[in-house]
Amino acid sequence: MPELPEVETIVRKLRTGGKNGVPPLPGLRITGVTLRWSGHLAEPSAAAFRRNVRGRTIQDIHRRGKYFVLPTDKGTLLIHLKMSGDLLLEAARAPRDRFERTVLHLDGGWELRFNDARKFGRIYLLDDPERRLDRLGPEPLDPGFTPQLLGERLSARRRALKPLLLDQAFLAGLGNIYADEALHRASLHPLRRSDGLSEPEVHRLWRGIREALRQGLRHNGASLDWVYRGGTFQNHFRVYQRAGEPCSLCGTSIVRAVIGQRAAHYCPSCQPERWP
DNA sequence: CACGAGACCTGTTCGC
DNA sequence: TGCGAACAGGTCTCGT
């Protein structure tokens, strides 16, 4: 489910607090933890995590790539939702989700709940979170992410655009939805080689990436199926999961293909594999 | 370095 | 209605 815009939407909500008196997450102290699926804990082990997380006060929450970053007064929590995770701050007495796996109990009767149907999500409690976050590529919405930087990184590689955009070490935050949507906005075929783009094409890709992400953010992310709720970007998809439907720009049927073992959606007319 | 296959998991939806 | 197959927002590791 969650790519950059979905994670960022959740971060903003947790940082400011919500309706019904839900407080901001920063400032709350962790009083205990419930682990219904210990596989959630990547590092350290469940026993050490249990021991070390109790009594920590969450000082902040922000995002790096698709990771939630929660510095505490001793150690930093990293949370990755992977495919089917969701993170909610709720009253302890609120009914719990069927797929609630991990709960951080907080002062004041609040709980940070990690729901995760597929159990792919992971939690880290690290003294040095950079050790992991350093592996990520640049943040596409940061001012430092310029068309020039993108161009340099593209030409340093020799891969198809689609799998490269999904590589978090190349660029942090895009997933299958936003990669497809970015390529359509850039009018670039997903199989175009990264080192074969003209300067205008690099610029289009840069703009396409940022437009897709910004639009996603504006709509609080995308909500598909039963997994994540709250976002409406799914109503603005131009290609993702729209195979057979007409392209909003030219009317040609959107195509679905498998590229790098993932579904890819594109308009064969607006995104030609090569120019004549 | 690039790429594909398989693994990790469970749930929903589709096709017969 | 039932049942198996296909498919799903993401990484990670291993072999070629």
Side-chain angles (χ1 to χ4, degrees), chain A residues 1-11 35-43 63-68 78-87 97-102 114-124 131-137 140 153-183 190-196 212-213 215-217 219-244 256-265:
Chain A
M1 173 255 323
E3 306 178 28
L4 186 155
E6 289 77 28
V7 174
E8 180 67 25
T9 297
I10 296 170
V11 161
L35 305 175
R36 297 199 183 84
W37 162 248
S38 61
H40 255 173
L41 298 179
E43 192 184 339
R63 178 192 61 73
R64 175 77 173 96
K66 300 173 192 171
Y67 285 92
F68 293 85
L78 299 183
I79 301 176
H80 200 303
L81 302 182
K82 293 282 180 81
M83 292 281 262
S84 62
D86 199 2
L87 206 53
D97 184 88
R98 178 161 61 122
F99 304 118
E100 185 181 291
R101 311 282 185 198
T102 299
F114 190 174
N115 302 339
D116 185 12
R118 290 178 70 182
K119 300 179 175 174
F120 283 169
R122 290 295 181 267
I123 303 174
Y124 305 78
R131 205 181 80 229
R132 173 154 288 269
L133 299 178
D134 275 351
R135 304 173 194 177
L136 299 175
R153 295 179 72 84
L154 286 168
S155 55
R157 309 293 295 275
R158 197 176 310 167
R159 295 190 70 185
L161 290 178
K162 175 69 191 288
L164 192 54
L165 291 179
L166 293 178
D167 181 349
Q168 302 299 296
F170 177 78
L171 188 63
L174 291 187
N176 216 27
I177 294 176
Y178 293 92
D180 280 359
E181 293 295 320
L183 287 169
L191 285 177
R192 289 287 302 276
R193 296 278 139 177
S194 60
D195 58 342
L213 292 173
Q215 204 180 354
L217 274 170
H219 296 284
N220 296 317
S223 300
L224 297 185
D225 309 331
W226 45 283
V227 180
Y228 167 83
R229 51 235 165 269
T232 55
F233 184 55
Q234 67 277 12
N235 301 324
H236 305 272
F237 288 168
R238 296 194 190 172
V239 288
Y240 187 77
Q241 287 190 349
R242 294 196 57 228
R256 177 188 189 278
V258 174
I259 298 175
Q261 287 133 243
R262 308 294 304 275
H265 313 78

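Letters A, B, ... mirror the listed sequences (proteins, then strands); counts begin at 1.
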What's the gap between C:dA6 and B:dA7 when it is taken at their P atoms, as a whole Å value? 16 Å

Specify the separation, in whole Å, of atom CG of A:Asp167 and atom C1' of B:dG4. 15 Å

Base, sugar-phosphate alone, or nothing: which one does A:Arg122 contact when heavy atoms must sit under 4.0 Å apart? nothing

Rounding to the closest angstrom, what is the interatomic distance between B:dA5 and C:dC7 at atom P? 14 Å

Just how far, in rounded Å, is C1' of B:dC3 from NZ of A:Lys162? 15 Å

Would you mind reporting whether A:Leu171 and A:Leu164 have side-chain heavy atoms less than 4.5 Å apart? no

Give a yes/no on whether any side-chain N or O of A:Arg101 is located under 4.0 angstrom from OP1 or OP2 of B:dC9. no

Stepwise, does the side chain to side chain contact (heavy atoms under 4.5 Å, CB included) test hold for A:Leu133 with A:Leu78? CA-CA 9 Å; A:Leu133 299 178; A:Leu78 299 183; 4.2 Å; yes

Heavy atoms under 4.0 Å, any strand shown: does A:Gln261 hit a base, just sugar-phosphate, or nothing? base

Please classify the nucleic acid contact of A:Tyr240 as base, sugar-phosphate, or nothing, using heavy-atom distances under 4.0 Å. sugar-phosphate

From CZ of A:Arg118 over to P of C:dA8, roughly how many Å is that when rounded to an integer? 10 Å

Does a side-chain N or O from A:Arg135 land closer than 4.0 Å to OP1 or OP2 of C:dC12, or not? no

Under 4.0 angstrom between A:His80 side-chain N/O and C:dG10 OP1 or OP2: no

For nucleotides B:dC9 and C:dC3, find the distance between their P atoms and express it as a whole number of Å. 26 Å

Send over the distance from A:Tyr178 OH to C:dG9 C1', rounded to a whole Å. 9 Å

Ring-base stacking, A:Phe120 with B:dC8 (5.5 Å, 30° cut-offs): yes

When you get a sec, tell me which of B:dG11, B:dT10, C:dG9 is the closest nucleotide to the side chain of A:Lys119? B:dT10

Without decimals, in angstroms, what is the distance between A:Leu166 CG and C:dC12 P? 13 Å

Suppose we define a pair by two distances each less than 3.5 Å, Watson-Crick or G-U wobble; what does C:dG9 pair with here? none

Evaluate side chain to side chain contact (heavy atoms under 4.5 Å, CB included) for A:Tyr178 paired with A:Leu165, printing each intermediate quantity in order. CA-CA 9 Å; A:Tyr178 293 92; A:Leu165 291 179; over 6 Å; no

With rounding to the closest Å, how many angstrom separate the P atoms on B:dC14 and C:dG9? 15 Å

For the side chain of A:Gln241, starting at C-beta, report the closest nucleotide among B:dT12, C:dA8, B:dA2. C:dA8

Are any of A:Arg262's side-chain N or O atoms less than 4.0 Å away from OP1 or OP2 of B:dA5? no

Spacing of A:Asn176 atom CG relative to C:dC7 atom C1', expressed in whole Å: 12 Å

Interatomic distance, A:Arg157 CZ vs B:dC3 C1' [rounded to whole Å]: 12 Å

A:Arg159, nearest nucleotide to its side chain (from B:dC3, C:dG10, C:dC12): B:dC3

Quick one: is A:Lys66 getting a side-chain N or O under 4.0 Å of the C:dG10 phosphate, OP1 or OP2? yes

Take atom NZ of A:Lys82 and atom C1' of B:dC9, then tell me their distance rounded to the nearest Å. 11 Å

Within a reach of under 6.0 Å around CZ of A:Arg158, are more than 12 heavy atoms found that belong to other residues, nucleotides or ligands? no

Counting N and O atoms only, with roles assigned by atom type, does the side chain of A:Lys66 sit under 3.5 Å from a partner on the main chain of A:Glu6, one being a donor and the other an acceptor? no

So what does A:Phe99 hit on the nucleic acid, given a heavy-atom distance under 4.0 Å: a base, only sugar-phosphate, or nothing? sugar-phosphate

Distance-only, no hydrogens or angles: does the A:Asp180 side chain make a donor-acceptor pair with backbone N or O of A:His265 under 3.5 Å? yes

Closest to the side chain of A:Arg256, out of B:dC9, C:dA8, C:dT11, is C:dA8

Test ring pair (Phe, Tyr, Trp, His ring centres under 6.0 Å) on A:Tyr240 and A:Phe233 and set out the steps. CA-CA 11 Å; A:Tyr240 187 77; A:Phe233 184 55; 9.7 Å; no

Whichever of A:Asp225 and A:Ala160 has the more 5' nearest nucleotide on DNA chain B, that residue is A:Ala160

Across all strands shown, which nucleotide pairs with B:dC9 by Watson-Crick or G-U wobble geometry, both distances under 3.5 Å? none

